[in-house]
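Beneath this line is the structure, given in structure tokens, with notes to follow.
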Amino acid sequence: MSETTINWLAEVEKRKEELVRTTQEFLRIKSVLDESTVREGAPFGEGIRRALDFALQVCADAGMATKVVEGYAGHAEFGAGEELIGILSHVDVVPEGDGWSSPPYAAEIVDGRIVARGALDDKGPAMAAIFAARIVKELGLPLSKRVRLIFGTDEETLWRCMKRYFETEEMPAMGFSPDADFPLIYAEKGLTHLVWRQTRDAFLQQGLPARPHPDARLLRLNAGLRMNMVPDRARAELQAAGRPAAGIAEQYRCFLREQGRIGEATVEGDRVVLAMEGVSVHGMDPSKGVNAGTWLVHFLAQLDLDERAAQFVRFTETYLHEEHYGEALGIAHTDPEMGPLTVNTGVIRYEAEGDAAFDINIRYPHSQPFEKWEPIVLGRLKEAGFVQEIEDHMTPHRVDPSHPLVTTLQRVYAKQTGEEATLIAIGGATYGRSLHVGVAFGPLFPGRADCAHQRDEHILIEDLVRATAIYAEAIYELAK
Ligand SMILES: [Zn+2]
């Protein structure tokens with residue numbers, strides 16, 4: 001078959017039923033990081049390992065050679081030649097959260113879309129890549145390069161999967177990752193996962209005077225699950241002191257009404273429990289969400305609290321509440337190509353008898369380097385008696401727009417969609433940066449709402465099919 005006669009979309013349509021069914025089966029495996037089932041060969045738990053095995057089995061059934069790398073990652077390979085083309089997706093998903101209108105691991109089809117955690121990020125696209133590779137293989141097209149589908153298992157947390165994988169496995173000459181947006185992302189911000197922590201001892205060492213008659217003592221506060229998500233739930237527990245618990249509860253209800261926020265206050269003896277609901281979105285653009293944690297702290301700022309809580313509240317209120325771009329911290333910067341530096345407060349923890357800590361996700365453009373803004377942050381933290389731990393740091397990533405990888409993918413996208421394949425720079429990080437020469441390519445088409453990491457995550461079957469056709473031609477064009 002000559003390449004000019006291949007109707008890629010028709011090839012996918014022939015396999016559509018199987019593509020949808022296999023994607024549904026894949027999505028029914030709950031592949032959330034699970035420390036309780038970690039074992040040798042399953043470093044992130046049983047669910048993720050089962051998802052990895054499932055993906056590799058679909059590849060093996062199509063005649064690809066598969067390999068598992070200690071359960072951290074796996075790959076499936078076909079084709080022949082020196083050079084290696086990589087397609088990198090991930091089988092792990094973020095926790096489902098609450099409020100779904102159909103069960104998050106049922107993968108039901110609703111209005112032409114598959115609804116499930118991971119449908120868009122990234123198990124749907126991973127299956128699209130597998131079927132795309134299968135089509136290239138089944139058409140028997142001659143290839144001068146090897147093609148490797150690589151599956152990671154820890155993209156949603158610390159990328160330990162790719163760190164381990166590339167310690168022993170070959171780095172592809174170039175490749176793409178179907179884990180973001182079409183047309184094509186060639187430049188990504190630097191990304192940090194920072195923990196800002198104050199131990200109780202560190203607070204006591206400041207020798208601040210105790211407040212004589214605080215309204216209440218803050219016993220604990222918890223918000224958020226992950227540094228890269230905006231918290232949609234927060235809870236604080238107070239012990240009333242200078243004022244009755246019922247009065248504090250009433251003040252909170254008033255605050256909720258005035259601010260148009262959702263939450264509730266419950267009183268048990270001298271204890272008041274305050275709950276706040278927010279809107280969880282990806283930490284890449286926290287201005288699009290509502291941070292339940294910082295909004296709850298915003299209320300606490302109205303109270304006269306014990307000295308340690310007061311300091312914690314002041315810090316949060318000043319530097320983090322509705323401070324999505326680090327203005328108050330003094331690190332705000334907007335790059336004309338890559339956009340603004342962003343600050344997401346993903347997790348807040350406060351224990352009267354333990355630590356106070358924030359999990360912070362700062363994303364920054366190449367024109368505002370880490371070396372420039374980090375000292376400013378450290379200065380602010382020092383003033384407040386906090387220290388910083390760097391959990392993860394990835395520097396900005398960029399592939400030259402004239403590189404054959406970029407131009408080939410642009411050509412394929414334009415041909416299949418009839419749309420111009422404009423290049424995108426983003427708040428990263430996409431998985432594409434795990435490859436030395438890697439870009440993100442789909443699966444979200446322009447104009448589609450990004451529901452990754454949100455309730456009712458879904459992928460339109462029509463889009464799954466279109467993406468598969470684009471990936472099939474892309475794989476062939478890169479490897480022919
Ligand atoms: Zn992803």
Side-chain angles (χ1 to χ4, degrees), residues 23 26-27 29-33 44-45 47-48 51-52 54-55 72-75 86-97 104-105 107 114-130 149-163 165 175-182 184-185 188-189 191 193 225-230 280-285 288-289 344 346 361 363 392 394 397 424 426-435 438-445 448-460 463-464 467-468 471:
T23 302
F26 192 28
L27 289 167
I29 304 167
K30 180 175 176 177
S31 50
V32 175
L33 173 66
F44 310 114
I48 288 177
L52 177 63
F54 183 92
Y72 279 82
H75 68 236
I87 297 104
L88 177 61
S89 56
H90 64 92
V91 304
D92 59 312
V93 299
V94 294
E96 63 277 17
Y105 300 103
I114 308 174
V115 183
R117 174 57 82 226
L120 185 67
D121 181 16
D122 186 40
K123 288 156 91 179
M127 200 48 71
I130 294 172
L149 300 172
I150 304 169
F151 304 100
T153 59
D154 186 37
E155 193 276 343
E156 297 296 359
T157 39
L158 294 173
W159 294 29
R160 290 164 287 191
C161 49
M162 284 303 110
K163 278 172 202 141
Y165 180 81
F176 67 86
S177 177
D179 189 27
D181 299 340
F182 280 126
L184 189 151
I185 297 167
E188 304 178 8
K189 285 179 189 171
L191 179 141
H193 174 189
L225 299 168
R226 292 273 188 276
M227 64 88 187
N228 60 1
M229 294 168 80
V230 172
S280 183
V281 296
H282 198 287
M284 186 183 294
D285 189 355
K288 286 183 179 161
N344 180 51
N361 182 204
R363 293 161 190 256
D392 197 18
M394 287 181 269
H397 173 83
I424 310 170
I426 59 147
T430 79
Y431 221 20
R433 71 164 63 212
S434 300
L435 305 169
V439 298
F441 190 48
L444 198 66
F445 286 95
R448 297 286 192 227
D450 185 0
C451 54
H453 295 211
Q454 297 177 45
R455 62 193 64 167
D456 292 339
E457 180 180 346
H458 60 266
I459 191 163
L460 276 157
D463 288 357
L464 183 68
T468 306
Y471 294 151

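Predicted, not measured: the structure shown is a model, and the values here were computed from it. Both ligands and their constituent atoms are indexed starting at 1 by order of listing. All heavy atoms count here, side chains included; hydrogens, waters and symmetry mates do not.
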Does the shortest distance from the Zn ion (ligand 1) to an N/O/S atom of Asp121 fall below 2.8 Å?
yes
Presence of N, O or S from Asp122 under 2.8 Å of the Zn ion (ligand 1)
no
The Zn ion (ligand 1): angle it makes with OD2 (Asp179) and NE2 (His90), nearest 10 degrees:
90°
Is it the case that more than 12 heavy atoms not belonging to Lys163 sit under 6.0 Å from its NZ atom?
yes
Before you tell me yes or no, could you show the steps for Ile29 and Phe54 under side chain to side chain contact (heavy atoms under 4.5 Å, CB included), namely the whole-Å CA-CA distance, both residues' side-chain angles and the distance that decides it to 0.1 Å?
CA-CA 9 Å; Ile29 304 167; Phe54 183 92; 3.7 Å; yes
Once you round to the nearest 0.5 Å, how far does CZ of Arg433 lie from CD of Glu188?
4.5 Å
Which residue in the set Val115, Ile459, Leu120, Asp456 passes side chain to side chain contact (heavy atoms under 4.5 Å, CB included) when paired with Cys451?
Leu120
